[in-house]
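Here is how names work: the chains are called A, B, and so on, in the same order as the sequence lines, proteins then strands, and each is numbered from 1. Note that the structure is a prediction, hence the values are computed from the model and not measured.
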Number of protein chains: 2
Amino acid sequence: MRRQQLLAYECWPTLVGMTEKPPAPPRRSDATRTAILTAARERFGADGYDRATIRAIAKDAGIDPSMVMRYFGNKDGLFAAAVEVDLRFPDLAPVPREEVGRALVGHFLDLWEGNEQLRAVLRVGVTNQAGAERMQGIFREQLLPVARQVCPDPEQVPARAALCAAQLLGLALTRYVLQVPAAQALTREELVVWMGPTVQRYLTAPHP
Amino acid sequence: MRRQQLLAYECWPTLVGMTEKPPAPPRRSDATRTAILTAARERFGADGYDRATIRAIAKDAGIDPSMVMRYFGNKDGLFAAAVEVDLRFPDLAPVPREEVGRALVGHFLDLWEGNEQLRAVLRVGVTNQAGAERMQGIFREQLLPVARQVCPDPEQVPARAALCAAQLLGLALTRYVLQVPAAQALTREELVVWMGPTVQRYLTAPHP
DNA sequence: TCCGTTGGTCAACACTTGTTGGCAACACTA
DNA sequence: TAGTGTTGCCAACAAGTGTTGACCAACGGA
């Protein structure tokens, strides 16, 4: 129950090191830390939050389970540290207006291909309330701005972004999580050609 | 480990009673059985497979956990008995060709609204390997036939069905599972008007 | 050289999980 | 009325969970 100051300090640089400035001085245990994070990403992505046990992750990383606790505080902290989602949507300004749909679908596919972190957030988002809120955050902070850049009417931005999210997450769900064979059989080009116009329409077409 | 013949027989009628013929003679415990199944559907739908514990389900049903085991063998058996998915896609023959997209989206929305079983399969399908296979079965046996009824080229049926599945499951995911506010804010009519043409195109438009 | 800090293991705690067997109360039939 | 199968509760088991603290080895600056 008791929060340990020392541990909180210890895992701090790793938690935000990738997105914030502080140089995060190198430590002798960095190899172990990254080993844990790598194993955690794999397990969370493959098994979801509940079935991914700390013991299994520690075993994959070749260390004792107690190390995970020392470095990341608890299981929640480990998940937060392991899974950091940046959809890296590109700036759409230079893209021709009628190409943004295809560009987004293509980017989304490239991003998901073989990415365990994304699978993990989706799995956990479906299972876990905190995970669902995290996904809502991603939607709000990463997809909404893109939609705002392209949509004609600012008032329609959330609705149009939600439609895009449904299409794109549905793709990720069927292809990468449920692994429906027919969804996996489609090539990247086919998906871009089919879904690109859909996303394009959701973003730019006049309200039907 | 040992399978108990008696118990297998006991839960048989309930397991398949809804889809098969045998009259399934009424038992004194039927009230308890349905109470368990109701509670199980709620818990599985709300919490997913792992977090929905037999103890919690039994408590909701107001009986002892051991009763769940007696009537349904084990947790897997309970899930199989509680969650039975019939998407009930209507016969599209009488529907005008250019209306099938809107009809499907509307039907899909009506079906999902307030349906805990569907939420449960999706949650479990994402978490669990067996659940994922179950969802693939639903795709194969319930969505593919519909697509076959409408698609021009039989060879393209799986691909087109997969595209529809991605769009529809993405809708279910964002609106009913992740509960993204922007996806919940859209009305039934808006969704039909926006997504209907998409599904329509995936099913009937010539390969782009 | 000493000594505090860091990296790591081990064994255990407290708890929850699915699951089982025993036993009492009831209902129905012969 | 005796007997038999059904319905239910209770207590417990074995396994697995996140988590903790004691303990040891090596490092690194004084």
Side-chain angles (χ1 to χ4, degrees), chain A residues 1-14 24-37 39-40 43-44 47-59 61-82 127-128 130, chain B residues 1-14 24-36 39-40 43-44 47-82 127-128 130:
Chain A
M1 299 300 171
R2 171 169 59 95
R3 280 277 153 270
Q4 302 194 328
Q5 316 299 340
L6 247 148
L7 304 193
Y9 136 76
E10 267 198 273
C11 68
W12 182 250
T14 309
R27 276 159 308 198
R28 204 153 24 102
S29 59
D30 278 346
T32 303
R33 290 179 130 89
T34 60
I36 294 175
L37 290 175
R43 284 283 177 177
F44 281 130
D47 303 339
Y49 190 85
D50 290 307
R51 294 178 123 88
T53 69
I54 290 188
R55 281 175 164 83
I57 292 169
K59 192 173 183 183
I63 46 90
D64 191 88
S66 62
M67 299 303 293
V68 177
M69 309 301 297
R70 180 177 293 177
Y71 292 146
F72 301 100
N74 55 24
K75 195 176 178 179
D76 282 347
L78 172 63
F79 183 77
T127 311
N128 191 296
Chain B
M1 300 299 171
R2 170 170 62 96
R3 279 280 154 268
Q4 303 194 328
Q5 316 298 343
L6 247 149
L7 303 193
Y9 137 76
E10 268 197 273
C11 70
W12 181 251
T14 309
R27 275 158 310 199
R28 200 151 32 99
S29 58
D30 278 347
T32 304
R33 290 180 129 88
T34 60
I36 295 175
R43 284 282 177 177
F44 281 130
D47 303 338
Y49 189 86
D50 290 308
R51 294 178 123 88
T53 69
I54 289 188
R55 281 175 164 85
I57 292 168
K59 193 173 182 183
D60 289 356
I63 47 89
D64 191 88
S66 62
M67 302 301 295
V68 178
M69 308 302 297
R70 179 175 292 176
Y71 291 146
F72 300 100
N74 56 25
K75 195 177 179 181
D76 283 347
L78 172 63
F79 183 78
T127 312
N128 190 298

With respect to the phosphate group of [N], does any side-chain polar atom (N or O) of [X] fall under 4.0 Å of OP1 or OP2?
X       : N      : value
A/Thr32 : C/dG8  : yes
A/Ser66 : D/dT19 : no
A/Tyr71 : C/dG8  : yes

**Request:** Give the nucleotide from the list D/dC9, D/dT19, C/dT9 with an atom nearest to the side chain of B/Met67.
**Result:**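 Of the options given, the side chain of B/Met67 lies nearest D/dC9.
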
**Minimum-distance nucleotide to B/Ser29 side chain [options: C/dT19, D/dT19, D/dG8]** =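 That would be D/dG8.
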
Shortest non-hydrogen contact between [X] and [Y], atoms and distance:
X       : Y       : answer
B/Ile36 : B/Ile57 : O-CG2, 3.9 Å
A/Asp50 : A/Thr53 : O-CG2, 4.4 Å
B/Ala40 : B/Ala82 : CB-CB, 3.9 Å
B/Met67 : B/Ile63 : CB-CD1, 3.9 Å
A/Ala58 : A/Val68 : CB-CG2, 4.2 Å
A/Lys75 : A/Ala52 : NZ-O, 3.0 Å

**Prompt:** Are B/Arg27 and B/Arg33 side-chain neighbours, meaning at least one heavy-atom pair lies under 4.5 Å?
**Reply:**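 In short, these two side chains touch, coming nearer than 4.5 Å.
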
Give the rounded distance in Å between these two atoms: [atom1] of [X] and [atom2] of [N].
X       : N      : atom1 : atom2 : result
A/Arg33 : C/dG8  : CZ    : C1'   : 13 Å
A/Arg27 : C/dG8  : CZ    : P     : 12 Å
A/Ile54 : C/dA14 : CD1   : P     : 19 Å
A/Arg70 : C/dT5  : CZ    : P     : 14 Å
B/Leu78 : C/dT17 : CG    : P     : 15 Å
A/Ile57 : D/dT19 : CD1   : C1'   : 14 Å
A/Asp64 : D/dT17 : CG    : C1'   : 15 Å
A/Arg51 : C/dG18 : CZ    : P     : 11 Å

**Asked** Taking protein heavy atoms under 4.0 Å as touching, what does nucleotides 25-30 of chain C look like 5' to 3' if B marks base contact, S marks sugar-phosphate-only contact and - marks none?
**Response** --S---

**Request:** Applying side chain to side chain donor-acceptor pair (under 3.5 Å), name anything that partners B/Asn128, two or more places apart in sequence or on another chain.
**Result:**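 Listed in chain order: nothing, the list is empty.
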
**Message:** Please compare B/Ile63 and A/Asp76 by the position of their nearest nucleotide in DNA chain D and report the one closer to 5'.
**Reply:**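 Nearest nucleotide further toward 5': that of B/Ile63.
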
Give me the distances for all protein-to-nucleotides 12-15 of chain D N/O pairs that come in under 3.5 Å?
unit_1, atom_1, unit_2, atom_2, d
D/dA12, N6, B/Arg55, NH2, 3.4

**Request:** Give me the ring orientation class for A/Phe79 and A/Tyr49: parallel if the planes are under 30° apart, tilted from 30 to 60°, perpendicular past 60°.
**Result:**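 Ring orientation, 0 to 90° scale: perpendicular.
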
